[in-house]
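Have a look at the structure below, then the notes.
Naming convention: chains lettered A, B, ... in sequence-line order (proteins, then strands); numbering from 1 in each chain.
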There are 2 protein chains.
Amino acid sequence: MPNERRKKIAQNSLLLQTFPQDTQDMILSMSSWREYDRGETLFLQGETAKAIHIVTEGWVKLYRIAPNGGEAVVNVFAKGQSFGEAVAFRGQAYPVSAEAVTSCEVMRIPSVALLEAMRKDPEIAVAVLASTFMHLHSLVSQLEQLKAQTGPQRVAEFLLELCEQETGSCVVTLPYDKFLIAGRLGMKPESLSRSFARLKTAGVHIKRNHAAIEDIEMLREYSESDPVEAWHKAQ
Amino acid sequence: MPNERRKKIAQNSLLLQTFPQDTQDMILSMSSWREYDRGETLFLQGETAKAIHIVTEGWVKLYRIAPNGGEAVVNVFAKGQSFGEAVAFRGQAYPVSAEAVTSCEVMRIPSVALLEAMRKDPEIAVAVLASTFMHLHSLVSQLEQLKAQTGPQRVAEFLLELCEQETGSCVVTLPYDKFLIAGRLGMKPESLSRSFARLKTAGVHIKRNHAAIEDIEMLREYSESDPVEAWHKAQ
DNA sequence: GGCTTGAAATGACAATAGTCAAGACACGGC
DNA sequence: GCCGTGTCTTGACTATTGTCATTTCAAGCC
(Lines give C-alpha, C1' and ligand atoms only; values in the text may rest on other atoms or scores of the structure.)
Protein backbone atom coordinates (compact mmCIF):
# COMPACT_ATOMS: atom_id res chain seq x y z
CA MET A 1 0.00 0.00 0.00
CA PRO A 2 1.12 3.58 -0.52
CA ASN A 3 2.55 3.98 2.93
CA GLU A 4 3.95 7.41 2.13
CA ARG A 5 0.53 8.75 1.28
CA ARG A 6 -0.85 7.55 4.60
CA LYS A 7 1.99 9.13 6.49
CA LYS A 8 1.51 12.39 4.72
CA ILE A 9 -2.18 12.52 5.55
CA ALA A 10 -1.49 11.65 9.18
CA GLN A 11 1.20 14.31 9.42
CA ASN A 12 -1.15 16.91 8.06
CA SER A 13 -3.88 15.98 10.52
CA LEU A 14 -4.93 18.59 13.03
CA LEU A 15 -3.53 16.49 15.83
CA LEU A 16 -0.02 15.90 14.51
CA GLN A 17 0.69 18.85 12.26
CA THR A 18 2.14 21.08 15.00
CA PHE A 19 4.47 18.40 16.39
CA PRO A 20 8.20 18.61 15.66
CA GLN A 21 9.42 16.33 12.90
CA ASP A 22 11.21 13.80 15.10
CA THR A 23 8.20 13.39 17.37
CA GLN A 24 5.99 12.80 14.33
CA ASP A 25 8.37 10.11 13.11
CA MET A 26 8.51 8.45 16.49
CA ILE A 27 4.73 8.36 16.77
CA LEU A 28 4.23 7.15 13.21
CA SER A 29 6.74 4.35 13.70
CA MET A 30 4.73 3.09 16.66
CA SER A 31 1.36 3.29 14.89
CA SER A 32 -0.49 0.78 12.78
CA TRP A 33 -3.03 1.00 9.94
CA ARG A 34 -6.15 -0.94 9.34
CA GLU A 35 -8.77 -1.00 6.63
CA TYR A 36 -12.46 -1.35 7.35
CA ASP A 37 -15.40 -2.19 5.14
CA ARG A 38 -18.56 -0.17 5.14
CA GLY A 39 -20.55 -1.04 8.24
CA GLU A 40 -17.66 -2.53 10.18
CA THR A 41 -17.24 -1.55 13.80
CA LEU A 42 -14.01 0.08 15.00
CA PHE A 43 -14.95 -0.11 18.67
CA LEU A 44 -18.02 -0.14 20.89
CA GLN A 45 -18.96 2.17 23.71
CA GLY A 46 -17.79 0.72 27.01
CA GLU A 47 -14.63 -0.80 25.56
CA THR A 48 -11.38 0.35 27.09
CA ALA A 49 -9.55 2.87 24.95
CA LYS A 50 -5.93 2.15 24.26
CA ALA A 51 -5.37 4.15 21.09
CA ILE A 52 -6.11 7.40 19.30
CA HIS A 53 -7.54 7.13 15.78
CA ILE A 54 -6.84 9.20 12.69
CA VAL A 55 -8.92 8.70 9.54
CA THR A 56 -6.68 8.53 6.47
CA GLU A 57 -9.37 7.51 3.97
CA GLY A 58 -13.17 7.36 3.93
CA TRP A 59 -15.68 8.32 6.64
CA VAL A 60 -16.17 7.14 10.21
CA LYS A 61 -19.17 7.87 12.40
CA LEU A 62 -19.23 8.12 16.17
CA TYR A 63 -22.59 7.25 17.64
CA ARG A 64 -24.22 6.35 20.88
CA ILE A 65 -26.95 3.91 21.66
CA ALA A 66 -29.22 5.26 24.36
CA PRO A 67 -30.60 2.86 26.99
CA ASN A 68 -33.94 3.04 25.20
CA GLY A 69 -32.39 1.80 21.97
CA GLY A 70 -32.31 5.12 20.12
CA GLU A 71 -29.21 5.92 18.12
CA ALA A 72 -27.63 9.37 18.37
CA VAL A 73 -24.94 10.23 15.84
CA VAL A 74 -22.36 12.27 17.71
CA ASN A 75 -20.10 13.11 14.80
CA VAL A 76 -18.87 11.97 11.41
CA PHE A 77 -15.16 12.21 10.64
CA ALA A 78 -13.41 12.60 7.30
CA LYS A 79 -9.85 12.14 6.09
CA GLY A 80 -7.37 13.90 8.32
CA GLN A 81 -9.49 14.06 11.44
CA SER A 82 -8.66 12.36 14.71
CA PHE A 83 -10.76 11.20 17.64
CA GLY A 84 -10.41 9.53 21.01
CA GLU A 85 -7.57 11.73 22.27
CA ALA A 86 -8.89 12.54 25.72
CA VAL A 87 -10.28 9.14 26.51
CA ALA A 88 -7.24 7.09 25.52
CA PHE A 89 -4.85 8.60 28.05
CA ARG A 90 -6.61 7.31 31.07
CA GLY A 91 -7.46 3.96 29.59
CA GLN A 92 -11.06 4.90 30.23
CA ALA A 93 -14.07 3.39 28.51
CA TYR A 94 -15.14 4.90 25.19
CA PRO A 95 -18.31 6.93 25.71
CA VAL A 96 -19.29 6.26 22.07
CA SER A 97 -19.11 3.56 19.42
CA ALA A 98 -17.37 3.97 16.06
CA GLU A 99 -18.37 2.51 12.71
CA ALA A 100 -17.09 2.84 9.16
CA VAL A 101 -19.74 4.49 6.99
CA THR A 102 -17.72 3.98 3.83
CA SER A 103 -14.88 1.59 3.30
CA CYS A 104 -12.03 3.37 4.99
CA GLU A 105 -8.54 3.34 6.35
CA VAL A 106 -7.68 4.30 9.90
CA MET A 107 -4.42 4.86 11.70
CA ARG A 108 -4.16 3.76 15.32
CA ILE A 109 -1.72 5.56 17.62
CA PRO A 110 -1.19 3.58 20.82
CA SER A 111 -1.75 5.93 23.74
CA VAL A 112 1.61 4.97 25.24
CA ALA A 113 3.29 6.52 22.19
CA LEU A 114 1.68 9.87 22.83
CA LEU A 115 2.20 9.64 26.57
CA GLU A 116 5.87 9.15 25.97
CA ALA A 117 6.00 12.11 23.60
CA MET A 118 4.20 14.24 26.18
CA ARG A 119 6.71 13.33 28.85
CA LYS A 120 9.56 14.42 26.61
CA ASP A 121 7.98 17.62 25.39
CA PRO A 122 5.23 19.34 27.38
CA GLU A 123 4.31 21.32 24.29
CA ILE A 124 2.89 18.09 22.88
CA ALA A 125 0.42 18.04 25.75
CA VAL A 126 -0.77 21.49 24.79
CA ALA A 127 -1.20 20.35 21.18
CA VAL A 128 -3.27 17.37 22.30
CA LEU A 129 -5.36 19.64 24.47
CA ALA A 130 -5.90 21.96 21.53
CA SER A 131 -7.11 19.05 19.46
CA THR A 132 -9.44 17.91 22.22
CA PHE A 133 -10.73 21.43 22.43
CA MET A 134 -11.75 21.26 18.77
CA HIS A 135 -13.99 18.32 19.59
CA LEU A 136 -15.40 20.11 22.58
CA HIS A 137 -16.13 23.11 20.43
CA SER A 138 -17.85 21.03 17.77
CA LEU A 139 -20.07 19.40 20.39
CA VAL A 140 -20.98 22.80 21.80
CA SER A 141 -21.93 23.96 18.31
CA GLN A 142 -24.11 20.92 17.82
CA LEU A 143 -25.86 21.53 21.13
CA GLU A 144 -26.51 25.11 20.13
CA GLN A 145 -27.96 24.00 16.82
CA LEU A 146 -30.22 21.41 18.39
CA LYS A 147 -31.47 23.74 21.10
CA ALA A 148 -31.76 27.00 19.22
CA GLN A 149 -32.46 26.19 15.57
CA THR A 150 -35.29 24.60 13.64
CA GLY A 151 -34.80 21.55 11.46
CA PRO A 152 -34.51 23.38 8.13
CA GLN A 153 -32.10 25.85 9.69
CA ARG A 154 -29.84 23.04 10.85
CA VAL A 155 -29.91 21.57 7.37
CA ALA A 156 -29.01 24.96 5.91
CA GLU A 157 -26.06 25.26 8.27
CA PHE A 158 -24.93 21.76 7.39
CA LEU A 159 -24.90 22.67 3.71
CA LEU A 160 -23.05 25.91 4.40
CA GLU A 161 -20.30 24.01 6.20
CA LEU A 162 -19.83 21.92 3.07
CA CYS A 163 -19.18 24.75 0.67
CA GLU A 164 -15.82 26.36 0.58
CA GLN A 165 -16.86 29.76 -0.65
CA GLU A 166 -18.35 32.52 1.44
CA THR A 167 -20.53 34.13 -1.20
CA GLY A 168 -22.04 33.48 -4.59
CA SER A 169 -23.51 30.19 -5.67
CA CYS A 170 -22.14 26.67 -5.66
CA VAL A 171 -22.92 22.98 -5.88
CA VAL A 172 -21.91 20.72 -3.01
CA THR A 173 -21.84 16.95 -2.86
CA LEU A 174 -23.60 15.32 0.07
CA PRO A 175 -20.79 13.34 1.70
CA TYR A 176 -22.85 10.38 2.94
CA ASP A 177 -26.36 9.06 2.57
CA LYS A 178 -29.38 10.94 3.78
CA PHE A 179 -30.15 8.50 6.54
CA LEU A 180 -26.85 9.37 8.18
CA ILE A 181 -27.16 13.09 7.53
CA ALA A 182 -30.55 12.99 9.21
CA GLY A 183 -29.03 11.23 12.23
CA ARG A 184 -26.19 13.71 12.44
CA LEU A 185 -28.71 16.57 12.48
CA GLY A 186 -30.95 14.92 15.05
CA MET A 187 -33.95 14.20 12.85
CA LYS A 188 -35.62 11.40 10.88
CA PRO A 189 -34.93 10.94 7.15
CA GLU A 190 -38.49 12.01 6.36
CA SER A 191 -37.99 15.28 8.21
CA LEU A 192 -34.76 15.84 6.32
CA SER A 193 -36.67 15.39 3.07
CA ARG A 194 -39.25 17.94 4.15
CA SER A 195 -36.50 20.33 5.24
CA PHE A 196 -34.93 20.10 1.79
CA ALA A 197 -38.32 20.86 0.28
CA ARG A 198 -38.62 23.95 2.51
CA LEU A 199 -35.18 25.15 1.52
CA LYS A 200 -36.26 25.42 -2.10
CA THR A 201 -37.62 28.88 -1.31
CA ALA A 202 -34.19 29.75 0.09
CA GLY A 203 -32.58 28.84 -3.20
CA VAL A 204 -31.49 25.26 -2.53
CA HIS A 205 -32.13 22.48 -5.04
CA ILE A 206 -31.36 18.85 -4.34
CA LYS A 207 -30.63 16.42 -7.15
CA ARG A 208 -29.53 12.97 -6.06
CA ASN A 209 -26.55 13.50 -3.82
CA HIS A 210 -25.83 17.03 -5.00
CA ALA A 211 -27.16 20.25 -3.57
CA ALA A 212 -27.18 23.43 -5.65
CA ILE A 213 -27.09 26.61 -3.62
CA GLU A 214 -28.21 29.68 -5.54
CA ASP A 215 -26.96 32.29 -3.13
CA ILE A 216 -24.79 31.36 -0.17
CA GLU A 217 -25.34 34.62 1.65
CA MET A 218 -29.10 34.29 1.31
CA LEU A 219 -28.94 30.78 2.76
CA ARG A 220 -26.78 31.97 5.63
CA GLU A 221 -29.27 34.69 6.37
CA TYR A 222 -32.00 32.07 6.44
CA SER A 223 -30.07 29.82 8.82
CA GLU A 224 -29.39 32.72 11.15
CA SER A 225 -32.82 34.23 11.12
CA ASP A 226 -35.41 33.98 13.84
CA PRO A 227 -37.39 30.73 13.65
CA VAL A 228 -40.75 32.52 13.26
CA GLU A 229 -39.30 34.78 10.62
CA ALA A 230 -37.78 31.77 8.87
CA TRP A 231 -41.20 30.23 8.69
CA HIS A 232 -42.71 33.19 6.88
CA LYS A 233 -39.85 33.20 4.42
CA ALA A 234 -40.40 29.54 3.66
CA GLN A 235 -44.05 29.98 2.73
CA MET B 1 -13.30 35.67 53.98
CA PRO B 2 -12.66 32.10 55.03
CA ASN B 3 -9.74 31.58 52.70
CA GLU B 4 -9.08 28.12 54.03
CA ARG B 5 -12.54 26.93 53.06
CA ARG B 6 -12.06 28.15 49.52
CA LYS B 7 -8.73 26.42 49.23
CA LYS B 8 -10.18 23.19 50.52
CA ILE B 9 -13.00 23.23 47.98
CA ALA B 10 -10.58 24.01 45.18
CA GLN B 11 -8.25 21.22 46.25
CA ASN B 12 -11.10 18.74 46.25
CA SER B 13 -12.23 19.80 42.78
CA LEU B 14 -12.04 17.20 40.04
CA LEU B 15 -9.33 19.20 38.31
CA LEU B 16 -6.91 19.63 41.20
CA GLN B 17 -7.54 16.66 43.47
CA THR B 18 -5.07 14.34 41.74
CA PHE B 19 -2.23 16.89 41.72
CA PRO B 20 0.65 16.50 44.18
CA GLN B 21 0.49 18.75 47.23
CA ASP B 22 3.25 21.16 46.23
CA THR B 23 1.75 21.69 42.77
CA GLN B 24 -1.62 22.42 44.35
CA ASP B 25 -0.01 24.99 46.62
CA MET B 26 1.86 26.59 43.76
CA ILE B 27 -1.28 26.88 41.68
CA LEU B 28 -3.41 28.15 44.55
CA SER B 29 -0.85 30.83 45.37
CA MET B 30 -1.08 32.15 41.83
CA SER B 31 -4.87 32.16 41.72
CA SER B 32 -7.40 34.75 42.68
CA TRP B 33 -11.01 34.71 43.87
CA ARG B 34 -13.92 36.81 42.91
CA GLU B 35 -17.52 37.04 43.97
CA TYR B 36 -20.35 37.57 41.53
CA ASP B 37 -23.96 38.60 42.04
CA ARG B 38 -26.79 36.70 40.47
CA GLY B 39 -26.96 37.60 36.79
CA GLU B 40 -23.44 38.96 36.56
CA THR B 41 -21.34 37.92 33.58
CA LEU B 42 -18.02 36.11 34.11
CA PHE B 43 -17.07 36.28 30.46
CA LEU B 44 -18.64 36.43 27.00
CA GLN B 45 -18.20 34.14 24.07
CA GLY B 46 -15.49 35.47 21.79
CA GLU B 47 -13.37 36.87 24.61
CA THR B 48 -9.84 35.55 24.85
CA ALA B 49 -9.42 32.97 27.59
CA LYS B 50 -6.58 33.55 30.01
CA ALA B 51 -7.73 31.54 33.00
CA ILE B 52 -9.41 28.35 34.16
CA HIS B 53 -12.37 28.75 36.52
CA ILE B 54 -13.38 26.68 39.53
CA VAL B 55 -16.70 27.34 41.24
CA THR B 56 -16.26 27.44 45.01
CA GLU B 57 -19.75 28.61 45.89
CA GLY B 58 -23.08 28.94 44.07
CA TRP B 59 -23.94 28.08 40.48
CA VAL B 60 -22.59 29.24 37.14
CA LYS B 61 -24.17 28.62 33.75
CA LEU B 62 -22.39 28.33 30.43
CA TYR B 63 -24.57 29.35 27.53
CA ARG B 64 -24.35 30.28 23.92
CA ILE B 65 -26.25 32.83 21.93
CA ALA B 66 -27.02 31.54 18.44
CA PRO B 67 -26.84 33.96 15.50
CA ASN B 68 -30.64 33.97 15.45
CA GLY B 69 -30.80 35.18 19.05
CA GLY B 70 -31.77 31.89 20.67
CA GLU B 71 -30.06 30.98 23.91
CA ALA B 72 -28.73 27.45 24.42
CA VAL B 73 -27.65 26.51 27.92
CA VAL B 74 -24.59 24.33 27.51
CA ASN B 75 -24.07 23.41 31.14
CA VAL B 76 -24.58 24.53 34.72
CA PHE B 77 -21.75 24.12 37.20
CA ALA B 78 -21.87 23.68 40.95
CA LYS B 79 -19.36 23.99 43.77
CA GLY B 80 -16.18 22.04 43.02
CA GLN B 81 -16.53 21.98 39.25
CA SER B 82 -14.13 23.59 36.83
CA PHE B 83 -14.47 24.81 33.28
CA GLY B 84 -12.43 26.42 30.54
CA GLU B 85 -9.44 24.06 30.79
CA ALA B 86 -8.95 23.26 27.14
CA VAL B 87 -9.59 26.73 25.81
CA ALA B 88 -7.34 28.62 28.19
CA PHE B 89 -4.10 26.98 27.15
CA ARG B 90 -4.08 28.30 23.67
CA GLY B 91 -5.37 31.70 24.57
CA GLN B 92 -8.24 30.93 22.24
CA ALA B 93 -11.64 32.63 22.28
CA TYR B 94 -14.27 31.22 24.62
CA PRO B 95 -16.89 29.34 22.59
CA VAL B 96 -19.49 30.08 25.29
CA SER B 97 -20.49 32.82 27.71
CA ALA B 98 -20.62 32.37 31.49
CA GLU B 99 -23.07 33.93 33.93
CA ALA B 100 -23.70 33.58 37.66
CA VAL B 101 -27.16 32.09 38.23
CA THR B 102 -26.93 32.55 41.99
CA SER B 103 -24.58 34.81 43.87
CA CYS B 104 -21.38 32.85 43.77
CA GLU B 105 -17.68 32.70 44.29
CA VAL B 106 -15.23 31.66 41.61
CA MET B 107 -11.54 30.90 41.64
CA ARG B 108 -9.47 31.94 38.62
CA ILE B 109 -6.33 29.99 37.80
CA PRO B 110 -4.19 31.91 35.30
CA SER B 111 -3.38 29.54 32.47
CA VAL B 112 0.33 30.33 32.83
CA ALA B 113 0.25 28.74 36.29
CA LEU B 114 -1.02 25.45 34.89
CA LEU B 115 1.28 25.61 31.88
CA GLU B 116 4.20 25.95 34.23
CA ALA B 117 3.00 23.00 36.30
CA MET B 118 2.61 20.93 33.15
CA ARG B 119 6.13 21.68 32.06
CA LYS B 120 7.44 20.48 35.39
CA ASP B 121 5.31 17.37 35.63
CA PRO B 122 3.79 15.79 32.51
CA GLU B 123 1.36 13.89 34.72
CA ILE B 124 -0.39 17.20 35.28
CA ALA B 125 -1.15 17.35 31.59
CA VAL B 126 -2.82 13.96 31.80
CA ALA B 127 -4.89 15.17 34.76
CA VAL B 128 -6.01 18.23 32.80
CA LEU B 129 -6.89 16.03 29.85
CA ALA B 130 -8.90 13.77 32.14
CA SER B 131 -10.82 16.75 33.40
CA THR B 132 -11.45 17.97 29.86
CA PHE B 133 -12.65 14.52 28.99
CA MET B 134 -15.30 14.78 31.69
CA HIS B 135 -16.70 17.83 29.92
CA LEU B 136 -16.56 16.07 26.58
CA HIS B 137 -18.39 13.14 28.06
CA SER B 138 -21.07 15.31 29.58
CA LEU B 139 -21.66 17.03 26.23
CA VAL B 140 -21.94 13.66 24.49
CA SER B 141 -24.53 12.58 27.06
CA GLN B 142 -26.50 15.74 26.47
CA LEU B 143 -26.45 15.17 22.72
CA GLU B 144 -27.68 11.64 23.25
CA GLN B 145 -30.49 12.86 25.45
CA LEU B 146 -31.57 15.53 23.01
CA LYS B 147 -31.48 13.25 20.01
CA ALA B 148 -32.81 10.02 21.46
CA GLN B 149 -35.14 10.89 24.34
CA THR B 150 -38.46 12.65 24.71
CA GLY B 151 -38.93 15.70 26.92
CA PRO B 152 -40.33 13.87 29.95
CA GLN B 153 -37.58 11.27 29.69
CA ARG B 154 -34.92 13.97 29.77
CA VAL B 155 -36.57 15.48 32.82
CA ALA B 156 -36.64 12.04 34.49
CA GLU B 157 -32.93 11.59 33.82
CA PHE B 158 -32.19 15.05 35.17
CA LEU B 159 -33.96 14.16 38.42
CA LEU B 160 -32.15 10.84 38.64
CA GLU B 161 -28.80 12.61 38.37
CA LEU B 162 -29.77 14.70 41.38
CA CYS B 163 -30.45 11.87 43.77
CA GLU B 164 -27.60 10.10 45.42
CA GLN B 165 -29.27 6.76 45.97
CA GLU B 166 -29.71 4.06 43.36
CA THR B 167 -32.94 2.57 44.63
CA GLY B 168 -35.87 3.32 46.91
CA SER B 169 -37.52 6.69 47.22
CA CYS B 170 -36.14 10.13 47.90
CA VAL B 171 -36.76 13.86 47.79
CA VAL B 172 -34.42 16.04 45.78
CA THR B 173 -34.13 19.82 45.72
CA LEU B 174 -34.23 21.49 42.34
CA PRO B 175 -30.91 23.34 42.26
CA TYR B 176 -32.00 26.35 40.23
CA ASP B 177 -35.17 27.88 38.89
CA LYS B 178 -37.33 26.10 36.37
CA PHE B 179 -36.61 28.55 33.61
CA LEU B 180 -32.95 27.52 33.73
CA ILE B 181 -33.70 23.81 34.09
CA ALA B 182 -35.86 24.04 30.99
CA GLY B 183 -33.02 25.71 29.11
CA ARG B 184 -30.53 23.10 30.23
CA LEU B 185 -32.86 20.37 28.97
CA GLY B 186 -33.53 22.11 25.67
CA MET B 187 -37.18 22.97 26.18
CA LYS B 188 -39.46 25.85 27.11
CA PRO B 189 -40.58 26.34 30.74
CA GLU B 190 -44.14 25.45 29.77
CA SER B 191 -43.00 22.13 28.36
CA LEU B 192 -41.08 21.44 31.54
CA SER B 193 -44.23 22.03 33.53
CA ARG B 194 -46.12 19.58 31.36
CA SER B 195 -43.33 17.05 31.62
CA PHE B 196 -43.54 17.23 35.39
CA ALA B 197 -47.28 16.65 35.13
CA ARG B 198 -46.66 13.57 32.99
CA LEU B 199 -44.14 12.19 35.45
CA LYS B 200 -46.83 12.02 38.13
CA THR B 201 -47.81 8.63 36.73
CA ALA B 202 -44.17 7.57 37.08
CA GLY B 203 -44.25 8.42 40.78
CA VAL B 204 -42.82 11.94 40.76
CA HIS B 205 -44.45 14.77 42.68
CA ILE B 206 -43.28 18.35 42.48
CA LYS B 207 -43.85 20.72 45.36
CA ARG B 208 -42.20 24.11 45.02
CA ASN B 209 -38.55 23.44 44.41
CA HIS B 210 -38.64 19.91 45.74
CA ALA B 211 -39.29 16.74 43.80
CA ALA B 212 -40.43 13.59 45.59
CA ILE B 213 -39.54 10.39 43.78
CA GLU B 214 -41.57 7.38 44.91
CA ASP B 215 -39.42 4.71 43.33
CA ILE B 216 -36.09 5.52 41.78
CA GLU B 217 -35.84 2.28 39.82
CA MET B 218 -39.31 2.77 38.36
CA LEU B 219 -38.32 6.26 37.22
CA ARG B 220 -35.10 4.96 35.70
CA GLU B 221 -37.07 2.35 33.82
CA TYR B 222 -39.33 5.09 32.52
CA SER B 223 -36.40 7.24 31.36
CA GLU B 224 -34.84 4.26 29.60
CA SER B 225 -37.95 2.90 27.96
CA ASP B 226 -38.92 3.27 24.36
CA PRO B 227 -40.62 6.59 23.63
CA VAL B 228 -43.82 4.95 22.37
CA GLU B 229 -43.91 2.67 25.37
CA ALA B 230 -43.26 5.61 27.66
CA TRP B 231 -46.31 7.27 26.25
CA HIS B 232 -48.61 4.40 27.14
CA LYS B 233 -47.25 4.31 30.66
CA ALA B 234 -47.94 7.98 31.07
CA GLN B 235 -51.59 7.68 30.17
C1' DG C 1 -36.40 -4.03 -22.44
C1' DG C 2 -38.44 -5.53 -18.18
C1' DC C 3 -37.59 -6.95 -13.59
C1' DT C 4 -35.91 -6.47 -8.90
C1' DT C 5 -34.03 -3.80 -5.32
C1' DG C 6 -33.03 -0.08 -2.20
C1' DA C 7 -33.04 4.74 -1.38
C1' DA C 8 -35.70 8.77 -1.23
C1' DA C 9 -39.98 11.50 -1.51
C1' DT C 10 -44.83 12.12 -0.39
C1' DG C 11 -49.28 11.93 1.96
C1' DA C 12 -52.24 11.07 5.97
C1' DC C 13 -52.42 10.94 10.68
C1' DA C 14 -50.83 10.99 15.64
C1' DA C 15 -48.03 12.91 19.02
C1' DT C 16 -45.00 16.36 20.68
C1' DA C 17 -43.47 20.87 21.55
C1' DG C 18 -43.97 25.90 21.00
C1' DT C 19 -46.84 30.30 21.51
C1' DC C 20 -49.83 33.28 23.68
C1' DA C 21 -52.85 34.43 27.21
C1' DA C 22 -54.90 33.78 31.53
C1' DG C 23 -54.96 32.15 36.13
C1' DA C 24 -52.85 30.20 40.52
C1' DC C 25 -49.55 30.42 43.95
C1' DA C 26 -45.95 31.80 47.17
C1' DC C 27 -43.16 35.62 48.97
C1' DG C 28 -42.04 40.05 50.34
C1' DG C 29 -43.27 44.65 51.87
C1' DC C 30 -46.23 47.56 54.29
C1' DG D 1 -53.99 40.86 56.77
C1' DC D 2 -53.69 42.80 52.15
C1' DC D 3 -51.58 43.74 47.99
C1' DG D 4 -48.17 43.72 44.38
C1' DT D 5 -44.51 41.09 42.08
C1' DG D 6 -42.55 37.46 39.93
C1' DT D 7 -42.59 32.54 39.15
C1' DC D 8 -44.96 28.67 37.86
C1' DT D 9 -48.94 26.20 35.99
C1' DT D 10 -52.82 25.55 32.85
C1' DG D 11 -55.57 25.91 28.74
C1' DA D 12 -56.45 26.67 23.84
C1' DC D 13 -54.40 26.75 19.61
C1' DT D 14 -50.74 26.19 16.11
C1' DA D 15 -46.65 24.38 14.19
C1' DT D 16 -43.39 20.87 13.88
C1' DT D 17 -41.92 16.35 13.96
C1' DG D 18 -42.42 11.37 14.03
C1' DT D 19 -44.83 7.18 12.25
C1' DC D 20 -46.60 4.32 8.87
C1' DA D 21 -47.95 3.23 4.32
C1' DT D 22 -47.48 4.17 -0.40
C1' DT D 23 -45.28 5.79 -4.50
C1' DT D 24 -41.54 7.28 -7.23
C1' DC D 25 -37.09 6.95 -8.98
C1' DA D 26 -32.68 5.35 -10.44
C1' DA D 27 -29.42 1.65 -10.84
C1' DG D 28 -28.08 -2.94 -11.56
C1' DC D 29 -29.07 -7.46 -13.51
C1' DC D 30 -30.69 -11.09 -16.25
Between B:Asp177 and A:Ser195, which is nearer to the 5' end of DNA chain D once each is assigned its nearest nucleotide?
-> B:Asp177
Spacing of A:Tyr176 atom OH relative to C:dA8 atom P, expressed in whole Å = 14 Å
Can you find a side chain N or O atom of B:Lys178 that sits less than 4.0 Å from OP1 or OP2 on D:dT9?
-> yes
Keeping the roles fixed (side chain from A:Ser97, backbone from A:Gln45), state whether a donor-acceptor pair exists under 3.5 Å.
-> yes
Would you kindly give the CG-to-P distance between A:Leu174 and C:dA7, to the nearest whole Å?
-> 16 Å
Quick one: is C:dA9 close enough that its OP1 or OP2 comes under 4.0 Å of any side-chain N or O from A:Ser193?
-> yes
Roughly, in whole Å, what's the span from CG in B:Leu146 to P in D:dT16?
-> 19 Å
Assess whether one donor atom and one acceptor atom, taken from the side chain of A:Arg194 and the base of D:dT19, lie less than 3.5 Å apart.
-> yes
Whole-Å distance separating the CG atom of B:Leu192 from the P atom of D:dC8 = 9 Å
Between D:dT19 (C1') and A:Met187 (CE): distance, integer Å | 16 Å
Between D:dG18, C:dT19, D:dT17, which one does the side chain of A:Lys188 approach most closely?
-> D:dG18
B:His210 NE2 to D:dT7 C1', straight-line distance once rounded to whole Å = 16 Å
Does some side-chain heavy atom of A:Glu85 sit less than 4.5 Å from a side-chain heavy atom of A:Leu15?
-> yes
How close or far is atom C1' of D:dT14 from atom CD of B:Glu190, stated in whole angstroms?
-> 14 Å
Could you state the NE2-P distance from B:His205 to D:dC8, rounded to the nearest angstrom?
-> 20 Å
Can the ring centroids of B:His205 and B:Phe196 be said to lie less than 6.0 angstrom from one another?
-> no
Non-neighbouring partners of A:Glu71 that pass salt bridge (charged side-chain N to carboxylate O under 4.0 Å, His left out), sequence neighbours left out | A:Lys61
All side-chain contact (heavy atoms from CB on, under 4.5 Å) counterparts of B:Asn209, not counting sequence neighbours = B:Thr173, B:Leu174
Quick one: on DNA chain D, does A:Arg208 or A:Pro152 contact a more 5' nucleotide (nearest heavy atom)?
-> A:Pro152
